[in-house]
Amino acid sequence: MIGIGDSSDSRLVTRREAEPLLGYATGSLKAVMQQQRGRWPDPVACRVRGRALLWELDALRAVTREGGVRSKRVAGADADGLITCLSCGRQFRSLGPHLARTHHMTAAEYRAEHRLPASTALMATGVRAALSQTRIAAMDDDPELVGRMHAAALPRQELFRRAADARAGTDDLPLVRAARAAGARRTLPAAQQARREALEAKARAAGFESMAAAIDATRNMSSRAAATRIGVSPSTVKRWRR
């Protein structure tokens with residue numbers, strides 16, 4: 001494995017391939033990049049018809065040398081690289097088969113029984129990394145594989161429903177609520193600013209100097225008519241009028 005400080009020829013890697021090389025937990029680098037927009041370099045190529053973006057490894061290393069923030073997410077394994085079963089105390093590289101064979105329960109039932117967040121990994125980090133490499137190799141060998149996987153996937157609404165059900169059992173955990181509150185404090189101001197900028201752009205496109213000017217100029221109209229004139233929703237007009 002190449003370390004962060006190693007000097008080697010630059011090569012192209014996906015985010016998943018870069019994570020262990022940069023010291024990030026599996027699956028966490030995407031979130032870190034989104035939180036630090038403008039700090040990380042843009043991808044320079046793609047793999048498998050645009051479905052796997054590629055970055056220059058040296059460019060990513062340069063950011064981590066500057067002190068990039070590490071993900072706080074648990075890597076998914078104990079110090080010895082194994083997952084401990086909370087039901088019996090035995091250790092495994094992957095809990096799925098053990099839970100089905102010994103405890104006769106699904107992963108969702110296990111998480112619910114032990115009040116674990118839905119995002120808790122039940123597979124050791126090394127195993128997940130190996131599976132990821134296997135899938136990447138399979139997609140390289142068969143470019144149509146991704147399309148077949150999408151065709152076989154459950155409808156998006158069903159996936160959303162299952163995700164909501166999985167979260168419901170742990171939404172009230174103090175640790176989960178604290179993590180979400182911290183994330184909201186980081187992302188909400190940026191989201192609000194982006195929303196304001198989008199509204200101002202719509203107002204200018206409709207011929208007004210600003211959103212405030214658009215609201216003032218359409219006060220004699222109904223909310224629906226004003227919304228149509230400005231190019232926003234009626235609820236937005238009502239909120240600005242208040």
Side-chain angles (χ1 to χ4, degrees), residues 13-16 18-19 22-46 50-56 59-74 117-119 156-157 159-161 163-164 166-168 170-242:
V13 293
T14 65
R15 268 191 291 243
R16 285 297 179 90
E19 284 165 346
L22 302 177
Y24 285 88
T26 302
S28 67
L29 186 53
K30 179 178 180 180
V32 174
M33 284 183 168
Q34 291 174 340
Q35 294 169 7
Q36 302 175 350
R37 292 184 185 277
R39 180 172 191 174
W40 294 85
D42 294 327
V44 296
C46 61
R51 297 183 183 275
L53 298 176
L54 298 173
W55 281 260
E56 288 186 350
L60 296 179
R61 282 183 173 140
V63 176
T64 60
R65 292 192 191 101
E66 295 171 1
V69 178
R70 289 285 183 268
S71 168
K72 303 301 182 183
R73 178 181 173 185
V74 178
S119 59
R156 181 169 296 182
Q157 290 302 321
L159 294 175
F160 288 160
R161 185 192 67 79
R167 291 194 303 269
T170 56
D171 277 348
D172 60 338
L173 289 178
L175 182 63
V176 174
R177 297 182 67 175
R180 290 178 181 168
R185 286 195 295 271
R186 290 193 303 270
T187 60
L188 186 57
Q192 291 173 334
Q193 179 62 27
R195 171 65 175 167
R196 285 193 293 268
E197 291 175 355
L199 290 176
E200 292 294 337
K202 288 184 178 181
R204 289 192 296 271
F208 301 98
E209 292 184 0
S210 65
M211 188 64 186
I215 293 298
D216 287 339
T218 57
R219 285 195 179 276
N220 62 330
M221 301 181 182
S222 67
S223 298
R224 187 173 298 277
T228 301
R229 174 68 181 85
I230 302 171
V232 297
S233 67
S235 62
T236 299
V237 172
K238 293 177 182 177
R239 185 168 61 251
W240 274 74
R241 285 179 175 179
R242 290 196 297 269

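All of these numbers come straight from a predicted model, not from anything done at the bench.
At a threshold of 4.5 Å between non-hydrogen side-chain atoms, the residues V44 and L53 do not count as touching. The side-chain heavy atoms of I230 and M211, taken from C-beta on, include a pair separated by under 4.5 Å. Residues R219 and R241 have side chains in contact (heavy-atom distance under 4.5 Å, counting atoms from C-beta outward). Looking at heavy atoms from C-beta onward, V237 lies out of side-chain contact with M221 at the 4.5 angstrom threshold. Residues I215 and F208 form no side-chain contact, since every pair of their non-hydrogen atoms from C-beta on lies 4.5 Å or further apart. For the pair E200 and S210, the minimum side-chain heavy-atom distance is below 4.5 Å.
Looking at every heavy atom in both residues, A227 comes nearest to S233 through CB-C, 3.6 Å.
Atom OG1 of T14 sits about 7.0 Å away from atom CG of L54, to the nearest 0.5 Å. Atoms CZ and OG, on R229 and S222 in that order, are 13.5 Å from each other to the nearest 0.5 Å.
Checked by atom type and distance alone, the side chain of W55 never pairs as donor or acceptor with a backbone atom of R15 at under 3.5 Å.
Taking a 6.0 Å sphere around CZ of R224, one finds it holds 12 or fewer heavy atoms contributed by other residues, nucleotides or ligands. The environment of CZ in R156 is sparse: at most 12 heavy-atom neighbours from other residues, nucleotides or ligands sit within 6.0 Å.
Judged by distance alone, the side chains of R195 and T236 do bring a donor and an acceptor atom under 3.5 Å apart.
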